[in-house]
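Since the structure comes first, as structure tokens, the remarks are kept for the end.
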Amino acid sequence: MEIFYWMVFGGLAAVVAALELSKTSRDRISTSSAFSSFKNNYLVVYSLMMAGDWLQGPYVYYLYSQYGFGKGDIGHLFIAGFGSSMLFGTIVGSLADKQGRKRASITYCITYILSCATKHSPEYKILMVGRVLGGIATSLLFSAFESWLVAEHFKRGFDQQWLSVTFSQAIFLGNGLVAIVSGLFGNVLVDTLSLGPVAPFDAAACFLAIGMAIIMSSWTENYGDPSENKDLLTQFKGAAVAIASDEKITLLGAIQSLFEGSMYTFVFLWTPALSPNGEDIPHGFIFATFMLASMLGSSIASRLMARSSLKVESYMQIVFLLSAAALLLPVITSFLVVPSGEKGGGISFSGCIQLIGFCTFEACVGIFWPSIMKMRSQYIPEEARSTIMNFFRIPLNIFVCIVLYNVNAYPIVFMFGMCSVFLFVASLLQKRLRFITESQRSRSQEWTAMKETDSEAEPLNV
């Protein structure tokens with residue numbers, strides 16, 4: 001393995017370790033023992049859920065190819081997953097609000113375990129059913145658990161700022177450390193122990209079962225709006241009205257769709273971008289490096305959110321601009337660096353530059369997740385939280401399906417340029433969101449000051 005990969009990995013590891021070890025009381029939020037117990041329970045469950053997801057990711061395409069399916073058939077399977085998430089996501093989100101977030105979380109475990117079981121069959125139709133189940137599970141993963149956490153957090157009377165502690169640690173562990181360990185564990189199962197490409201899916205099912213047992217034994221149920229017996233159509237209308245009537249929610253949904261759409265497109269593009277001429281690159285090691293960069297981002301986010309004077313809306317505009325610049329690097333190098341026509345070999349000079357940029361983007365991803373979670377907890381109404389969060393995923397899934405369907409129709413640099421533009425637009429929308437929140441906060445402070453002035457003046461008039 002080239003020394004360059006170790007230099008990048010080692011540099012990121014050193015920075016992450018330095019950031020974590022150098023944290024002072026100013027970088028930490030003081031909490032209670034009751035909150036720590038609640039947070040740790042959630043982090044264990046969330047880490048198990050993410051382990052079940054990360055174990056599968058690197059081997060889905062490989063498993064399908066081992067069953068003899070070509071690129072076109074595999075592409076259709078992936079489209080089925082994102083399509084089912086788009087079609088059924090809003091329904092399962094509404095059911096989570098109506099029937100309970102704990103039940104929805106258990107449903108996620110069951111659905112994903114069934115999806116893992118389908119991987120044992122080489123039949124295309126059964127694999128398609130598995131992708132549909134996986135799409136439904138993904139919608140629940142990114143809505144039910146966060147909705148349960150936010151509702152339970154406030155139900156137990158914890159401070160709102162403490163949410164940022166749970167969010168940042170969940171991303172640090174679930175999207176960073178767990179992802180790295182899962183990738184290495186999957187590699188041991190498939191390559192070292194020679195258990196075959198289905199082994200990671202069986203391991204994922206075991207982790208999901210353990211997490212489900214913890215949920216069933218230790219979580220309490222909470223709902224979106226239990227006081228009203230609303231049907232699904234009424235919930236859809238209520239969520240749509242909330243999005244349309246509150247510009248902050250609309251902006252938040254657009255920002256999330258633009259960033260996540262770019263992120264999922266990046267997942268498909270980084271491999272051909274780093275090896276355009278069939279260069280021999282260590283995919284697993286690069287994936288681990290990306291996850292380490294994401295850990296770095298979440299560590300930075302925890303420091304930023306620990307400062308009550310610094311608002312999420314302020315620094316996220318810079319994060320989006322930085323991520324736009326990072327994904328613009330493949331476009332820039334295509335013009336400034338002369339491409340090598342030599343087939344095979346190690347990573348090229350332009351590939352090295354792009355890898356640095358991709359790690360920067362992954363660090364932005366690490367900042368994005370806890371920050372967007374914090375903003376969602378502030379702006380999305382509790383009674384329709386899961387429904388609205390899955391509404392946000394509709395344009396995202398449409399976009400990803402279009403990209404997957406046309407992935408061979410456009411050059412890679414065009415796709416990266418498009419993502420960079422999307423991220424720049426996200427920064428402009430974030431600027432608008434910041435302006436609205438600061439204006440409302442200013443008006444609220446003025447109103448409070450006026451009320452205090454009036455209350456002080458009243459005794460003088462008596």
Side-chain angles (χ1 to χ4, degrees), residues 48-93 95-96 103-145 174 178-179 182-183 185-187 189-190 195-213 215 260 264 267-268 287 390 393-394 396-405 407:
L48 287 168
M49 300 300 103
M50 293 308 298
D53 191 47
W54 286 119
L55 272 167
Q56 301 178 57
Y59 295 98
V60 176
Y61 192 103
Y62 176 65
L63 176 67
Y64 294 155
S65 64
Q66 290 295 296
Y67 283 150
F69 298 111
K71 188 176 182 181
D73 289 333
I74 295 175
H76 292 153
L77 286 168
F78 275 89
I79 291 174
F82 286 104
S84 71
S85 182
M86 176 183 65
L87 293 174
F88 301 115
T90 309
I91 297 174
V92 297
L95 288 174
R103 288 192 184 93
S105 300
I106 294 172
T107 302
Y108 161 79
C109 297
I110 296 173
T111 306
Y112 224 179
I113 289 172
L114 291 174
S115 176
C116 292
T118 63
K119 301 300 188 294
H120 282 272
S121 173
E123 294 294 327
Y124 192 77
K125 291 182 179 178
I126 295 178
L127 293 174
M128 183 66 75
V129 171
R131 289 302 299 174
V132 172
L133 291 172
I136 295 172
T138 300
S139 295
L140 289 168
L141 175 62
F142 290 106
S143 60
F145 289 89
V178 170
S182 296
F185 182 49
N187 190 73
L189 293 174
V190 176
L195 297 178
V198 183
F201 298 92
D202 293 336
C206 293
F207 283 118
L208 292 168
I210 295 171
M212 182 171 65
I215 293 172
E260 289 192 42
Y264 284 118
V267 170
F268 291 104
F287 172 78
N390 277 301
R393 296 186 65 81
I394 292 176
L396 161 67
N397 287 309
I398 292 175
F399 172 73
V400 174
C401 287
I402 293 174
V403 169
L404 278 173
Y405 190 78
V407 70

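Along the sequence shown, the residues carry numbers beginning at 1.
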(request) For residues F287 and W54, determine if any side-chain heavy atom of one lies less than 4.5 Å from a side-chain heavy atom of the other. (result) yes
(request) Check for a donor-acceptor pair, side chain of T107 on one end and backbone N or O of R103 on the other, with a separation under 3.5 Å. (result) yes
(request) Return the set of residues passing side-chain contact (heavy atoms from CB on, under 4.5 Å) with S115 (not counting sequence neighbours), or none when no residue passes. (result) Y112, K119, L133
(request) Could you tell me whether the side chain of F88 reaches within less than 4.5 Å of the side chain of V132, counting heavy atoms only? (result) yes
(request) Would you please name every residue forming a side chain to side chain donor-acceptor pair (under 3.5 Å) with E260, sequence neighbours left out? (result) Q256, R393
(message) Distance check, rounded to the nearest 0.5 Å: T111 atom OG1 versus L141 atom CG?
(response) 11.5 Å
(request) Identify, with sequence neighbours excluded, every residue that meets side-chain contact (heavy atoms from CB on, under 4.5 Å) alongside C109. (result) M49, M212, I215
(request) For F142, check ring pair (Phe, Tyr, Trp, His ring centres under 6.0 Å) against everything at least two apart and list the hits. (result) W369
(request) Determine whether F82 and T138 make a side-chain contact, defined as any pair of heavy atoms from C-beta on separated by less than 4.5 Å. (result) no
(request) Quick one: pull up OH in Y108 and CD1 in I113 and give me the separation to the nearest 0.5 Å. (result) 9.5 Å
(request) Side-chain contact test, heavy atoms from C-beta onward, threshold under 4.5 Å: evaluate it for R131 versus Y64 and give yes or no. (result) yes
(request) Could you tell me which residues satisfy ring pair (Phe, Tyr, Trp, His ring centres under 6.0 Å) with Y59, sequence neighbours excluded, listed by chain and number? (result) none
(message) Please report the interatomic distance OG(S84) to CD1(I79), rounded to the nearest 0.5 Å.
(response) 12.0 Å
(message) Would you compute the distance between atom CG of D202 and atom CG of L189 and round it to the nearest 0.5 angstrom?
(response) 9.0 Å
(message) So, taking the atom named CG in L114 and the one named CD1 in I110, what distance separates them when rounded to the nearest 0.5 Å?
(response) 7.5 Å
(request) Enter the distance from F207:CZ to C116:SG here, rounded to the nearest 0.5 Å. (result) 12.0 Å
(request) Identify, with sequence neighbours excluded, every residue that meets side-chain contact (heavy atoms from CB on, under 4.5 Å) alongside T118. (result) I126
